[in-house]
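Accompanying notes for the structure given below.
Note that ligands are numbered from 1 as they come in the structure, with each ligand's atoms numbered from 1 the same way. Note that the structure is predicted; figures quoted are calculated from it, not measured.
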Amino acid sequence: MLNIVLFGPPGAGKGTQSELIVKQYGLLHLSTGDLFRKHLGEGTDLGKLAQSYMDQGNLVPDAVVIKMVEDRIATEFTAKGFIFDGFPRTVHQALALDQMLLKHDLSITGMLSLEVQASELRIRLRERGKTSGRKDDQDDIKIENRIKVYNEETKPVADYYKHQDKYVSIKGIGSIASIFQLIMYELDAFK
Ligand code: B4P
């Protein structure tokens, strides 16, 4: 069973590459950003709560994210494996993920970290903002805040997996297909 954390700054290509990984490896895609946007679209209380944080480019509080992921894993733990996209985003979330997987006798196989410099992230997010309707992609101040939040709160998650010898760096610049080739090479090595 492959349980992969796909990691990287906002706009690094986590969602884009997750789609290809799901097609090739049949893993269950668990994107916390997508789950929040689904709740938002359905107008649930959770969606309303998440919106206030997401619109500003801030992280949704750990307790809320962890509960949402825990509920999802509990119903899907018989899957071939998981691709965690955009989760964990804090060290607290990483610890919680290990604990929830352990309850089902599972563990993280590895973290793939997409490396993309900030100048390229800004271009991609602004470009997506033209068509995505996502408020967090449409405003330079919010984009800057997301990059800052990533550097301050999310980057330390990479060290958490480095200490477990589960960290793999992937160059996230180039064509989507060429980056996917690099990802497949690493995923096949995990098997
Ligand atoms: P997410 O939905 O996770 O979004 P993201 O980080 O902005 O995007 P991603 O990296 O997936 O980029 P994509 O592939 O689409 O988070 C949104 C918000 O939700 C967060 O800011 C936060 O508020 C909240 N949230 C989510 N999870 C949370 C958690 N665990 N804890 C707390 N809060 C949480 O790529 C971006 C663009 O680049 C696309 O337009 C794509 O087409 C393009 N692109 C991709 N690869 C490319 C390439 N190789 N070359 C050129 N362009 C490329």
Side-chain angles (χ1 to χ4, degrees), residues 4-22 29-41 46-73 82-97 100 111-158 160 170-183:
I4 303 298
V5 171
L6 191 60
F7 187 73
K14 302 182 293 288
T16 305
Q17 295 295 335
S18 289
E19 279 182 29
L20 301 176
I21 295 170
V22 166
H29 183 205
L30 202 157
S31 158
T32 40
D34 285 354
L35 285 175
F36 284 132
R37 281 185 287 276
K38 186 166 178 285
H39 277 279
L40 222 136
L46 176 57
K48 284 175 200 153
L49 173 75
Q51 183 169 27
S52 55
Y53 295 94
M54 292 172 79
D55 282 354
Q56 297 307 315
N58 290 321
L59 295 183
V60 179
D62 281 343
V64 176
V65 187
I66 290 165
K67 168 83 174 61
M68 183 178 72
V69 174
E70 201 158 25
D71 289 348
R72 189 92 172 92
I73 289 181
F82 289 95
I83 174 98
F84 295 98
D85 161 7
F87 180 85
R89 259 178 159 95
T90 64
V91 172
H92 187 76
Q93 291 181 16
L95 283 159
L97 177 59
M100 51 180 112
M111 166 195 261
L112 301 183
S113 174
L114 292 168
E115 314 293 340
V116 180
Q117 74 264 28
S119 55
E120 170 73 11
L121 300 174
R122 290 183 189 108
I123 295 169
R124 289 185 189 179
L125 293 173
R126 275 187 209 131
E127 199 50 41
R128 185 172 64 183
K130 290 179 191 165
T131 53
S132 67
R134 279 178 56 170
K135 288 191 183 146
D136 58 347
D137 284 342
Q138 289 171 355
D139 178 328
D140 284 353
I141 295 170
K142 288 171 190 166
I143 290 176
E144 285 314 312
N145 188 47
R146 283 158 73 194
I147 294 173
K148 180 171 168 276
V149 168
Y150 170 78
N151 285 325
E152 290 173 0
E153 299 180 46
T154 303
K155 242 184 177 174
V157 176
Y160 179 84
I170 304 272
K171 186 168 167 266
I173 303 272
S175 70
I176 290 168
S178 69
I179 297 164
F180 185 55
Q181 289 293 324
L182 299 175
I183 289 178

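When non-hydrogen atoms are compared, ligand 1 lies under 4.0 Å from neither the backbone nor the side chain of Ser132. Neither the backbone nor the side chain of Met68 has a heavy atom within less than 4.0 Å of ligand 1. Only the side chain of Gln93 comes within contact range of ligand 1, with a heavy atom under 4.0 Å; no backbone atom does.
Close approach of ligand 1 to Thr32 (heavy-atom distance below 4.0 Å) involves ligand atoms 26 (C), 27 (N), 28 (C), 29 (C), 30 (N).
Remark: distances from the non-hydrogen atoms of Gly174 to ligand 1 include one below 4.0 Å. The closest approach between Gly57 and ligand 1 stays at or above 4.0 Å for every heavy atom of the residue. The shell of residues lying under 4.0 angstrom from ligand 1, judged by heavy atoms, includes Ala12. The closest approach between any non-hydrogen atom of Arg37 and ligand 1 is below 4.0 Å. The shortest heavy-atom distance from Ser31 to ligand 1 is not under 4.0 Å. A heavy-atom separation below 4.0 Å is not found between Gln17 and ligand 1.
Between atom CD1 of residue Ile176 and atom OG1 of residue Thr16 there is a gap of 5.5 Å, rounded to the nearest 0.5 Å. Distance CZ/Phe84 to CZ/Arg72: 10.5 Å, rounded to 0.5 Å. Atom OG1 in Thr32 sits 9.5 Å away from atom CG in Leu59 (nearest 0.5 Å).
For atom 23 (O) of ligand 1, the nearest non-hydrogen atom of the protein is Asn58 O, 2.6 Å. When hydrogens are left out, the protein atom nearest atom 41 (C) of ligand 1 is Thr16 OG1, 3.6 Å; that is the closest non-hydrogen contact. Of all protein heavy atoms, the one closest to atom 21 (O) of ligand 1 is Arg146 NE, 4.0 Å. Nearest non-hydrogen protein atom to atom 43 (C) of ligand 1 is Arg124 CD, 4.1 Å. Looking from atom 39 (C) of ligand 1 to the surrounding protein, the closest heavy atom is Arg128 CD, 3.8 Å. Nearest protein heavy-atom neighbour of atom 11 (O) of ligand 1: Gly15 N, 2.9 Å. The nearest heavy-atom contact from the protein to atom 18 (C) of ligand 1 is Met54 CE, 3.8 Å. Summary of contacts: the protein heavy atom closest to atom 33 (N) of ligand 1 is Val60 N, 3.1 Å.
Taking any N or O of Gly86, backbone or side chain, at least one lies under 3.5 Å from an N or O belonging to ligand 1. Geometrically, ligand 1 and Gly11 share a nitrogen or oxygen pair separated by less than 3.5 Å. At least one N or O atom of Arg89, backbone or side chain, sits closer than 3.5 Å to an N or O atom of ligand 1. Between Asp34 and ligand 1, a contact under 3.5 Å exists for no N or O pair.
No more than 12 heavy atoms of other residues, nucleotides or ligands shown are found within 6.0 angstrom of CD on Glu19.
Judged by distance alone, with hydrogens and angles left aside, the side-chain atoms of Gln93 form a donor-acceptor pair with the main-chain N or O of Arg89 at under 3.5 Å. Under the 3.5 Å distance criterion, the side-chain polar atoms of Arg124 are matched with a main-chain donor or acceptor of Gly11.
A salt bridge is defined here as a Lys NZ or Arg NE, NH1 or NH2 lying under 4.0 Å from an Asp or Glu carboxylate O, and Arg128 with Asp136 fails to meet this definition.
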May I have the step-by-step check of salt bridge (charged side-chain N to carboxylate O under 4.0 Å, His left out) for Lys38 and Asp34, ending in yes or no? CA-CA 6 Å; Lys38 186 166 178 285; Asp34 285 354; over 6 Å; no

